[in-house]
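One structure is given here, and the rest of the page talks about it.
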Amino acid sequence: MASVFREEYPELTWYETNMPRLAIILGIIAIVIGLFAQLPRTKGLYMLIAIGPILAGIVAYARSEATTDIKRVADIIIQATWIMLSFGCAYFVMAPSEYYSARGGLTAIILIVAGIMVVFAIATLVAFGRKGFELTP
Amino acid sequence: MAQTEPTATRVDSFGDYSTIQVPKTETKSLFGMFLVYLGVLICVAVIWGGAELGLGLNLKNMITAAIIGSLILGVIGWFTGYIGGHTRTSTYVMMRHSFGRTGAIVASIAVSGLATGIGWFFIQAWLFSTVLATICNTVLGYVPWIASGPVASIWGALLMCLTAYYGYKGLAFLSNIAVPLFLIVLFSGTYAAVTEAGGFSAAALAIPSNPITMGTGITAVIGMYISGATITSDIARFAVTPTAGAWAWFLQVAIVQPIMLVAAGLMTLLTPAGDVVQSMAYLGIGVGALLLVILGQWTTNDNNLYSGSLAFVTAIRIKRSHMVLIQGVIGAALAFLTSIGFFGADPFMNFLTQLGRFLPPIAGVVIADYFIVKPYVLGIKDPYKRYEFGEGTVYSRWNWAGIIAWILGALLSPYIPGAVGLNSVLIGLVVYAVLAAIFEKSGTAYTSGTYIEPADGF
């Protein structure tokens, strides 16, 4: 179980526990923000991108709880973190585009949420990297 | 039979296990390799292949050509990836068995070191600079200094160097960020193109601007990535299980590639633009178009550099990362000279295309040697025993059956009906298997010279 990981690496416990949670929560927030978009295509895009972090969070939680191998737990969290990072970046690329544009305020809010995804993902990768875990499992 | 672990006590003198087997402690997951492979594919399939299909085929034929061509590539790459997963060596090291030590150097330097690692690297770096300038002009209305051809060709080439310098980890690092992002951008563009054209029913009726036959389309799909299928082992050697790399390759080519080809093809089919990047700019997704150019070329060209450096390191005693820097500087200089018009790119592209015919037969020879000659002619059934490596291993200098099959595969392939790339693989495979079987059964020597592997695997 992941508890073995927490005992071995207490400094990483916060990331190991909260990465899946934050991915799911931020994904759900992005979906809610998407609901306020005027254009159906913008709505669809925001929701579609949000599915990535949500799925990554759910899968990471389920897989990490099911293993006792410390390295495996780290690999699972790191893989999910990469997905959150990449999907977070996707908002930065797509939100400013003319075709998928939203009202100014909404774009700013989604970019803040995406920014939190990216910053948290980078912090998680740095934390695991400092402990010597392989960042490209 | 347990997998051998000879590298446990061996020193990796050249970096990234260029000349020795990858130790089990350094192996990577199927998912990780899947992303690295996809990083190479996204530029090949989306920026070049998809556009070609979209300009030449209607939707139904485009889907059929993409599926058939991709399945063929998936099968060829699965076989080479399987060998890489079992031997845990790069293409150029495993070739020592079927080409001989010197034969492997000649073949790998010609087709992978010089052609891919320097030739195509600089052509792609130059193309990167021209496409970037064009797209900046379309999106911004002007070309900033940093995106001008001569400047972008230099920083573009050096950017691509950066990830290749760090080896597999560098490639994987970039692919982890770029690939999911790239897919979102691509599918957003395709959705926009289909919606603006009136939906999939309208897309099904769209007529290509420059029609080609479905056979030509299949040939194009095979031809655009047959080189990748040949050198699958360069990545698959890191596979956590012997078949993980083979399946990672198969999944990305047979499943994802057709989707990407059709997605990209729809954009050029449904918009007046001539390529995917221009299509995205036309659809108002300018940042996405810029990203396609930068990340797409980067994730593909760093692999060109990486494979080239692996090939060079088997011939020259130099650290792989240093070789990447040398190739990168040469490539950047050539790309710069091309962009200022010092010489044209066309003669180089024609030469490299001709030279490119010599890469796929290598896959045929290696597959024939590992899957036919070793188990059925020489009776070595255990897949871990068919190729042995390590200090003291004796190789021939030249394996003439391999050399002949390789050259015939390259020279005869254009004269046989069908896809040239596939022909060259099949000719290499058949000729090698037949020659080796005849020579073995008749007791005729078909190898010459000996080479004993030193401790560093060189």
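Within every chain, numbering begins at 1; the chains are lettered A, B, ... in the order of the sequence lines, protein sequences first and strands thereafter. Only heavy atoms go into these numbers, but all of them, side chains included; no hydrogens, no water, no symmetry mates.
Contact of F31(B) with chain A is made through the side chain alone, with heavy-atom distances under 4.5 Å. Residue contact with chain A, scored on non-hydrogen atoms closer than 4.5 Å, involves the backbone and the side chain of I177(B) alike.
Aromatic ring centroids of F120(A) and W14(A) lie under 6.0 Å apart.
Residues of residues 159-166 of chain B lying under 4.5 angstrom from chain A, judged on non-hydrogen atoms, do not exist here. Below 4.5 Å, heavy atoms of chain B meet heavy atoms from Q79(A), W82(A), I83(A), L85(A), S86(A), F87(A), C89(A), A90(A), V93(A), M94(A), S97(A), E98(A), all part of residues 78-98 of chain A.
Atom OH of Y282(B) is surrounded by 12 or fewer heavy atoms from other residues, nucleotides or ligands within 6.0 Å. Enclosure of atom CZ in F36(A) is not indicated, since only 12 or fewer non-hydrogen atoms of other residues, nucleotides or ligands lie within 6.0 angstrom. Heavy-atom neighbours of K43(A) NZ from other residues, nucleotides or ligands within 6.0 Å: above the threshold of 12.
Between L310(B) and R237(B) the shortest side-chain heavy-atom distance falls below 4.5 Å. Proximity of Y168(B) to V22(B): side-chain heavy atoms (C-beta onward) are nowhere separated by under 4.5 Å.
Expressed to the nearest 0.5 Å, how far CD1 of I20(B) lies from OG1 of T89(B) amounts to 11.0 Å.
Judged purely by atom type and a 3.5 angstrom limit, T67(A) has no side-chain atom pairing as donor or acceptor with the backbone of S64(A).
The side-chain contact (heavy atoms from CB on, under 4.5 Å) with Q257(B) is formed by just one residue from the set L41(B), L251(B), L38(B); it is L41(B).
Interface check for chain A: of the options S175(B), A172(B), G288(B), A178(B), the most heavy-atom pairs under 4.5 Å are formed by A172(B).
In summary, E134(A) and K71(A) do not engage in a salt bridge, as defined by a charged side-chain N under 4.0 Å from a carboxylate O.
Cation-pi geometry between R41(A) and Y99(A) is met: under 6.0 angstrom from the ring centre, within 45 degrees of the axis.
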